[in-house]
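A short write-up of the structure that comes next.
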Amino acid sequence: MKNQLHPGRIALVAVAASALLLTACATDTAPAQTDGAAASTSAPTPRVSLTYDGGVLVLDGTSLDLEADLPLDGFNRLNSAGDGRHVLVSTTDGFRVLDTGTWTADGASQTAEPELTDLTFDAPTPGHVVRHGDKTILFSDGTGDTTIFDTAALLTAGDDGLPKTEVVPAPAAHHGVSIELEDGTLLTTIGTSEGRSGVRVLDESRTEIARNEECPSVHGEGTVENETAVFGCSDGVLVYEGGEFTKIQAPDSYGRTGNQYVTETSSIAVGDYNSDPDREGVLLEQLTLVDTAAKTMKIVTLPDGAGYTWRDVARGPSDEAIILGSDGALHVLDPETGEFGKSYPVIGAWEGPAEWQDAHPALVVQGDTAYVTEPATKKIFAVDVKTGEVIANAELPGTPNEIAVVTG
């Protein structure tokens with residue numbers, strides 16, 4: 001999966017300068033063994049990072065033991081940097097690098113004390129983070145600038161600085177997203193502080209070679225099989241494949257998709273879906289299944305009594321969609337058929353948040369493990385996605401909000 005996105009609505013753009021809209025990201029030090037580091041020939045050690053009001057927690061991803069409690073003021077967002085070690089934390093200054101203290105070197109798993117470094121990628125009002133191919137792509141809502149770096153370079157940047165970056169300016173600041181394809185093509189959203197309209201295409205020299213403005217309120221990005229990119233619109237989705245755009249219209253006059261949940265081995269993008277422009281709150285009941293090969297969109301409804309937010313959808317190891325419902329269960333969806341299969345109760349029933357940034361249950365799937373937070377009880381659960389068995393759980397010292405997982 002590639003995006004980590006936050007749920008932006010049109011209203012988010014109007015407050016883009018607010019620290020509440022920050023999204024997170026950062027880089028870090030070289031993987032040379034640090035003081036206190038321990039080497040092992042075992043499998044890489046996953047680490048789970050969680051924000052709470054006042055800091056960031058780092059947990060062992062297997063036992064869920066607390067490895068570090070790192071103070072940090074404000075509402076901060078988290079995104080995996082993509083290198084298996086670092087998490088990018090949104091702050092008022094940009095994407096700050098969190099070293100989770102796990103990595104693999106010379107075929108051995110290495111661990112060290114987690115550290116919130118002073119390294120920060122400059123990005124006023126940091127927004128979306130996209131990981132694709134061997135690149136990590138950062139978007140600054142405050143400037144519209146796109147910052148690109150080689151993902152692996154975070155592991156070798158050292159203590160004295162960040163990896164080399166390319167910064168691509170935008171005509172105007174807006175809440176947007178960018179992705180660089182493997183041939184060097186850059187897809188980046190079109191917008192201003194007043195609204196967003198579509199996507200433009202820049203070649204390797206960063207000259208604009210194409211654009212499509214048939215995607216009102218464009219938001220979010222996902223890249224599926226055959227490196228096909230999908231962007232959400234307020235009336236469907238916009239697909240870019242083989243140098244051409246295709247608009248797939250929603251079945252409703254207002255049918256907003258804002259976030260894509262994808263894998264590189266499936267041609268189907270799973271997206272959130274809202275057909276009511278006057279809806280209050282962020283809890284949704286329907287999803288889109290966009291078949292990028294057939295260029296079709298199908299709407300599916302969650303089981304009775306279950307809603308979800310943008311934090312509660314993930315793709316599993318067999319390309320299935322896994323949804324953490326407001327009934328407290330994990331629901332498994334087959335994107336090929338649009339049918340729901342097994343459901344696994346995990347946490348108590350919960351209500352949607354009043355505001356998108358408020359703490360509410362969240363889901364991340366890594367391999368065969370689903371990590372589920374329950375802010376009401378200050379707990380986190382690790383669940384086997386194949387059986388629904390809770391394999392570990394832990395009570396946390398703070399109310400969990402954002403979550404990111406790295407795999408060492």
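In this structure, Thr292 OG1 and Ile268 CD1 are separated by 8.0 Å, a value rounded to the nearest 0.5 Å. The CZ atom of Phe381 sits 11.0 Å away from atom CG of Leu324, with the distance rounded to the nearest 0.5 Å.
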side-chain hydrogen bond (donor to acceptor under 3.5 Å, both in side chains) between Thr228 and Asn226, worked out: CA-CA 5 Å; Thr228 299; Asn226 298 324; 5.5 Å; no

Worked check of side-chain hydrogen bond (donor to acceptor under 3.5 Å, both in side chains) between Glu402 and Thr51: CA-CA 5 Å; Glu402 292 273 322; Thr51 61; 5.8 Å; no

Stepwise side-chain hydrogen bond (donor to acceptor under 3.5 Å, both in side chains) check, Thr263 with Asp319: CA-CA 7 Å; Thr263 76; Asp319 295 336; 2.8 Å; yes

Steps toward side-chain hydrogen bond (donor to acceptor under 3.5 Å, both in side chains) verdict (Thr143, Ser140): CA-CA 6 Å; Thr143 63; Ser140 169; 3.1 Å; yes

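A side-chain N or O of Thr301 and one of Gln286 form a donor-acceptor pair less than 3.5 Å apart. A donor-acceptor contact closer than 3.5 angstrom is absent between the side chains of His174 and Thr192. Looking only at atom types and distance, the side chain of Asn401 has a donor-acceptor partner in the side chain of Arg311 under 3.5 Å away. Using a 3.5 Å distance cut-off with no hydrogens or angles, the side chains of Thr377 and Glu374 do pair a donor with an acceptor.
The environment of CG in Asp65 is crowded: more than 12 heavy-atom neighbours from other residues, nucleotides or ligands sit within 6.0 Å. A 6.0 Å sphere centred on CD of Glu351 holds no more than 12 heavy atoms belonging to other residues, nucleotides or ligands.
Note on ring orientation: taking the six-membered ring where Trp is involved, the planes of Trp310 and His360 are perpendicular (angle over 60°, cut-offs 30° and 60°).
Residue Asn76 comes nearest to Thr91 through the heavy atom pair OD1-CA, 3.9 Å, listed as atom of the first residue, atom of the second, then distance.
Judged by distance alone, with hydrogens and angles left aside, the side-chain atoms of Ser267 form no donor-acceptor pair with the main-chain N or O of Glu225 at under 3.5 Å.
Under a 4.0 Å N-O distance rule, the pair Asp272/Arg256 does not qualify as a salt bridge.
Ring to ring, Phe121 and Phe149 are close: their centroids are under 6.0 angstrom apart.
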